[in-house]
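Working notes for the structure below.
If you read the sequence from its start, that first residue is 1, and numbering goes on from there. Values below: all heavy atoms of this structure, side chains included; hydrogens, waters and symmetry mates excluded.
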Amino acid sequence: MSFVLFDGLRWENGTDWDNYLKIFEMTNPDEDERFELGYLAINRLVYYLGGNYTVFLVFHACVLYGFLFYFLWRFSDAPFLSLFLFYSMFLPYQGMNRQFLSIAFCFYAFKFLIEGKSYIFTLIVLFACLFHTSALIFLVSLLLRRQYSFKIYLLLLIGVVIIGLSGIVRMVTDIAVNALPGHVGFLLEFYSESENESASGYGLLLAIFRRLLWVIPILYLMYKNEELPYPIAVSFNLYFLGCLIYILFKYNFIINRFRNFRKGI
């Protein structure tokens, strides 16, 4: 309950506060096309039922932490530690209403993925896309339902570093920005540039290290030919894929940062 209240009563706190408040109050209906139908629907429902934005935020927090608690109590051996880690890492992103709602439904979908109920899993993920289209990425889980050998994970990691050094990702990103529709291209450019522009080369290296910190002990167990419990193996595959994508897109910026540093820029 304390998490729900802390998140639900955060007036004028969190990312994109003004934009989400305007959407709820319908003071800028022209912006509706930027938001997914599911998110708009629950905004309209709470609004027309006479609730204010705080009521909406409390409802949002109940959905998020309800599914999160269910996920942790079902799959974690140390749910309170897992909750602490989740909250510590995601607190800076508080206010990402649409993303967190889609994540909450994907947490619930994970149950059906582990049980082998692919159709139900897919339907729930598609439903999550009604709140943020990035939930589509979670469908890749259907291809990652087994533990691979240590060599495969190591080769993938080395391959991503080599591709990052080559500069191909930067070139492909520039082409995609120009080829995609205006709004989509703008978002791709914005999200690929904004964080990197505010970070130093050392800061980006530290960010990569923090993510790999959770990978190293699991890879060590695989090196020792340990068989991971099935839910952990699937979860690790998803996390490892996320790390690869992060490194792939960040490594080129790190190299540029250090080159500029040596030039005195």
Side-chain angles (χ1 to χ4, degrees), residues 1-17 20 54 56-115 121 124-125 128 131-132 134-135 137-138 140-141 144 147 153 195 198-199 202-222 226 228-247 250:
M1 180 60 69
S2 58
F3 286 100
V4 171
L5 293 178
F6 183 78
D7 208 353
L9 302 180
R10 54 175 180 84
W11 192 258
E12 294 187 352
N13 283 296
T15 61
D16 294 326
W17 172 268
Y20 282 131
T54 296
F56 172 81
L57 290 178
V58 171
F59 169 76
H60 171 278
C62 286
V63 173
L64 171 60
Y65 290 106
F67 282 118
L68 175 62
F69 290 160
Y70 173 83
F71 175 80
L72 295 180
W73 257 254
R74 176 74 184 270
F75 297 106
S76 176
D77 291 330
F80 287 105
L81 176 60
S82 299
L83 179 62
F84 169 76
L85 292 174
F86 174 88
Y87 204 72
S88 299
M89 290 186 290
F90 279 82
L91 186 59
Y93 304 101
Q94 187 182 43
M96 294 169 47
N97 295 354
R98 294 177 297 146
Q99 291 93 329
F100 281 150
L101 281 175
S102 66
I103 288 172
F105 293 119
C106 287
F107 278 146
Y108 184 64
F110 187 80
K111 165 183 179 292
F112 298 98
L113 177 71
I114 296 301
E115 294 175 353
F121 166 80
I124 295 175
V125 172
F131 299 89
H132 201 277
S134 63
I137 299 173
F138 201 53
V140 76
S141 307
L144 301 173
Q147 180 178 331
Y153 291 105
E195 182 180 348
S198 62
Y202 292 108
L204 291 172
L205 278 176
L206 181 60
I208 290 176
F209 175 77
R210 287 203 312 268
R211 285 158 178 80
L212 291 179
L213 191 63
W214 306 99
V215 171
I216 295 172
I218 302 295
L219 288 182
Y220 177 77
L221 291 176
M222 292 179 178
E226 294 282 347
L228 299 177
Y230 182 55
I232 294 179
V234 177
S235 301
F236 175 76
N237 285 340
L238 292 171
Y239 184 81
F240 187 74
L241 176 62
C243 286
L244 294 182
I245 294 173
Y246 188 87
I247 294 172
K250 298 295 183 182

Locate the shortest heavy-atom distance separating [X] from [Y]; write the atom from each residue and the value.
X	Y	answer
L144	N237	O-ND2, 3.0 Å
S235	F110	OG-CZ, 3.3 Å
V125	A109	CG2-CB, 4.1 Å
Y70	K111	OH-CD, 2.8 Å
F105	A128	CB-CB, 3.8 Å
F107	F67	CB-O, 4.3 Å

> Any idea how W73 and F69 line up, ring-wise: parallel (<30°), tilted (30 to 60°), or perpendicular (>60°)?
Replying inline: perpendicular
[atom2] on [Y] to [atom1] on [X], rounded to 0.5 Å:
X	Y	atom1	atom2	answer
I103	L64	CD1	CG	8.0 Å
M96	S102	CE	OG	8.5 Å
L83	S88	CG	OG	9.0 Å
L113	L238	CG	CG	7.5 Å
F240	L212	CZ	CG	8.0 Å

For [X], does the [atom1] atom have more than 12 heavy-atom neighbours from other residues, nucleotides or ligands under 6.0 Å away?
X	atom1	value
F112	CZ	yes
F84	CZ	no
I137	CD1	no
W214	CH2	no

>> Looking only at the aromatic ring of each residue, does the gap between the centers of Y153 and F236 stay below 6.0 angstrom?
In response: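 Between F236 and Y153, the centre distance is under 6.0 Å.
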>> Tell me if the aromatic rings of F121 and F138 count as close, with their centers under 6.0 Å from one another.
In response: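 That pair passes the under 6.0 Å test.
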Mind checking whether [X] and [Y] have side chains closer than 4.5 Å, heavy atoms only?
X	Y	answer
V234	F75	no
N97	H132	no
R98	Y20	yes
T54	L9	yes

> Does Y108 have any side-chain hydrogen bond (donor to acceptor under 3.5 Å, both in side chains) partners at least two apart in sequence or in another chain, and if so, which?
Replying inline: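 Expected list: none.
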> Looking only at atom types and distance, does a side-chain atom of Q147 sit under 3.5 Å from a main-chain N or O of E226, one as donor and one as acceptor?
Replying inline: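 Yes; judged by distance alone, with no hydrogens or angles, the pair exists.
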